[in-house]
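As the structure is a computational prediction, the values presented were derived from the model and not from experiment. Counting begins at 1 with the first residue of the sequence. All values below come from the heavy atoms of this structure, side chains included, with hydrogens, waters and symmetry mates left out.
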Amino acid sequence: MTVVPNELTDYILDFLHSDRKALKACSLTCRTWYPTARYHLYRRVYLTSPAACHTFYRLLQSEDTRHIGKFTRYLHMSKAMAHTTEDQSREDHLNHQWPSIFSAVPNVEEGHLSFLEMDQTFYTHLMHNFALTTDFTLQYCRFSSFSDFASVLL
């Protein structure tokens, strides 16, 4: 069996950076491919529903995968909170998860938030943990008052 140097496999996996399906397959194929595949899989995280947020939270709480948040450089959150009253308990449950999620992704350089209800718990933990963020976009986010919006910017 031919042995391929790790540098060469890393270079090949780098070409797959945007093909999530291939990266998932590669991460399961070989133990030495896992770190590079994991780096590309979690570099850009998209949380576009309450279920996706909960799944990511559980992933960050697992003993084996709690370190993957450190790979995240781009965080996109859209419609991540429920807006209807029947989902109120789910939304309350998510409010307790935000501090853990945001503290687990300390290296976010670019953040994009859209279609979110920005309550004090959410934005307090968001701003506290995103000190390295250089590009931050708020789009169609609702604040309870203008002073809350101003405190986020300050």
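- For F71 and Y42, the gap between ring centers reaches or exceeds 6.0 Å.
- Side-chain contact check for H76 versus T48: some heavy-atom pair is nearer than 4.5 Å.
- Using a 30° and 60° split on the angle between ring planes, W98 and F102 fall in the parallel class, below 30°.
- Using cut-offs of 30° and 60° on the angle between ring planes, the pair F115 and Y140 is parallel.
- Taking the six-membered ring for Trp and thresholds of 30 and 60 degrees, H40 and H17 have ring planes inclined between 30 and 60 degrees apart.
- Linking ILVMFWY residues whenever their side-chain heavy atoms come closer than 4.5 Å, directly or via other members, leaves Y34 and L41 in distinct clusters.
- Counting heavy-atom neighbours within 6.0 Å of Y46 OH, excluding the residue itself, gives a total above 12.
- By the criterion of side-chain heavy atoms lying less than 4.5 angstrom apart, applied directly or through intervening Ile, Leu, Val, Met, Phe, Trp or Tyr residues, F143 is grouped together with F146 in one hydrophobic cluster.
- Side-chain contact check for D19 versus K21: some heavy-atom pair is nearer than 4.5 Å.
- Distance check: I101 CD1 to L60 CG gives 7.0 Å after rounding to the nearest 0.5 Å.
- A donor-acceptor contact under 3.5 angstrom links the side chains of S78 and S114, judged on distance only.
- Between P106 and L132, every side-chain heavy-atom pair lies at or beyond the 4.5 Å cut-off.
- Rounded to the nearest 0.5 Å, atoms CG (L23) and OH (Y39) are 12.0 Å apart.
- At distances below 3.5 Å, not a single donor-acceptor pair connects side-chain atoms of T133 with backbone N or O atoms of E109.
- No side-chain heavy atom of R38 sits under 4.5 Å from any side-chain heavy atom of S27.
- Not one N or O on the side chain of S62 forms a donor-acceptor pair closer than 3.5 Å with the backbone of L59.
- Between L113 and L116, the shortest heavy-atom contact is CB-CD1, 3.8 Å.
- Taking 4.5 Å as the limit, some side-chain heavy atom of L47 sits within range of a side-chain heavy atom of M77.
- S100 approaches Y57 most closely through the heavy-atom pair CB-CE1, 3.6 Å.
- The closest donor-acceptor contact from the side chain of T36 to the backbone of D10 lies at 3.5 Å or more, if one exists at all.
- Put simply, CG on N6 and SG on C30 are 8.0 Å apart, with the number rounded to the nearest 0.5 Å.
- A 4.5 Å side-chain heavy-atom check between H54 and Q97 finds at least one atom pair inside the cut-off.
- In this structure, the side chains of H112 and Q139 come closer than 4.5 Å at one or more pairs of heavy atoms.
- Looking only at side-chain heavy atoms (C-beta outward), F130 and L75 come within less than 4.5 Å of each other.
- Side chain of N107 to main chain of K70: a donor-acceptor pair is present (N/O by atom type, distance under 3.5 Å, no hydrogens or angles).
- Between the side chain of R43 and the main chain of Y74, no donor-acceptor pair closer than 3.5 Å is present.
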